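Data block below; observations after.
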Amino acid sequence: MNNKLQDLNQVYKRAGAESLKTLKKFPYLVLLPILYSILRTLVASAGALLFGNMGFLWGFVYVFLLAAIISSYFYILNSAIIYKKLSLLTFKNSFKPYLRNIYSVFFILWIAELLLFNVLRQMLDYRILISLNLLIYIALNAIPEAIYLRGLYGASAFKYSAEFIKENWYLWILPIILGAIVQSYPITFSTTLNIMDLPFGNEFGLMLKSPIHYIILQILGGFMMIFRGYLFLQLSGSTLRKRMYMGYR
């Protein structure tokens, strides 16, 4: 137990310091969830106007565009965290690199939603379904980092996230709690899809109801995504024993 507390203290301290260093160099990173939340809202609104009578077709187009938007955010995070460089060219080239990775994850999540919560809801008690969904949300919580820091996609991203959380559950509790606070999402039948909503922070509709609350949550979300990235880098491919042996260098 003492080793785990020491481990938590060390890796959090390092991830926090690296996050602050990155924000000092690129302070606008904490505002990106606002930008991408607005962009997603504009895309959704335009789709509703242009494809109002073709809901099924628009669903596929929307997921594709959503994947491109998330790819942009992931690419910028990768450039800031790994390469410590950002420019307008970074943004211009950001919409394609992780498009396939993200779309494949969306597709699997969609199938899981259909099977788990459209079929099982007829068979299982509501409380069991909620518990099952919460476990899925926790197990798959590291999928964003598995995509943009490990380059994984499809089933491999799911498998890696589950194994990562199993190994580092006590270190990933804070990111899970912060994500739930930022998104203000209850655990429902569709919570599994909220994992890929992390880049957008809270719903843009909150801006119209409580602008200050919305901005605070989005800034917190922006910092959280950077912190998650550095935390993931420390933990990925590592173990408690290895970190203790290496002295957290």
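No experiment lies behind these values; they were computed from the predicted model shown.
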Does atom [atom1] ([X]) have a neighbourhood of more than 12 heavy atoms from anything else shown, all under 6.0 Å?
X	atom1	answer
Leu135	CG	yes
Tyr28	OH	yes
Lys84	NZ	yes

[X] vs [Y] side-chain heavy atoms within contact, under 4.5 Å:
X	Y	result
Leu32	Leu77	no
Val61	Leu65	yes
Met225	Pro33	no
Ile70	Tyr98	no
Phe232	Pro144	no
Leu29	Phe223	no
Lys85	Phe26	no
Leu152	Ile147	no

Legend entry - Residue pair Ile102, Phe74: steps toward the side chain to side chain contact (heavy atoms under 4.5 Å, CB included) verdict: CA-CA 10 Å; Ile102 295 166; Phe74 283 179; 3.8 Å; yes
How close do [X] and [Y] get, heavy atom to heavy atom, and via which atoms?
X	Y	result
Ser71	Leu99	OG-N, 3.7 Å
Ser238	Arg243	OG-CG, 3.1 Å
Ile165	Ile138	CG1-O, 3.4 Å
Ser79	Thr90	OG-CG2, 3.6 Å
Gly237	Lys242	O-NZ, 3.8 Å
Gly16	Phe227	N-CE1, 3.6 Å

Inset, instruction - Could you tell me whether the side chain of Tyr230 and the main chain of Ser19 form a donor-acceptor pair under 3.5 Å? - result: no
Inset, instruction - Determine yes or no for a side-chain-to-main-chain donor-acceptor pair under 3.5 angstrom, with Ser161 supplying the side chain and Ala139 the backbone. - result: yes
Legend entry - Sub-6.0 Å ring centroid separation between Tyr103 and Tyr153: no
Anything under 3.5 Å between a donor and an acceptor, one on a side chain of residues 168-181, the other on a protein residue two or more places apart or in another chain? List them.
| from | atom 1 | to | atom 2 | distance (Å) |
| --- | --- | --- | --- | --- |
| Asn168 | ND2 | Phe164 | O | 3.0 |
| Tyr170 | OH | Asp7 | OD2 | 2.7 |
| Trp172 | NE1 | Asn141 | OD1 | 3.1 |

From [atom1] ([X]) to [atom2] ([Y]), nearest 0.5 Å:
X	Y	atom1	atom2	result
Thr22	Ile226	OG1	CD1	6.5 Å
Ser45	Leu42	OG	CG	6.5 Å
Arg40	Ile38	CZ	CD1	12.0 Å

Inset, instruction - Mind running side chain to side chain contact (heavy atoms under 4.5 Å, CB included) on Val43 and Tyr62 for me, showing each step along the way? - result: CA-CA 8 Å; Val43 168; Tyr62 176 67; 4.0 Å; yes
Legend entry - Test ring-ring contact (aromatic ring centres under 6.0 Å, His included) applied to Phe95 - qualifying residues, sequence neighbours left out: Phe91
Inset, instruction - Please state whether the rings of Tyr73 and Tyr36 are parallel, tilted or perpendicular, taking 30° and 60° as the class boundaries. - result: tilted
Legend entry - Lys21 and Glu18 ion-paired at < 4.0 Å: yes
Legend entry - Transitive ILVMFWY side-chain link Ile219 to Ile216, under 4.5 Å: no
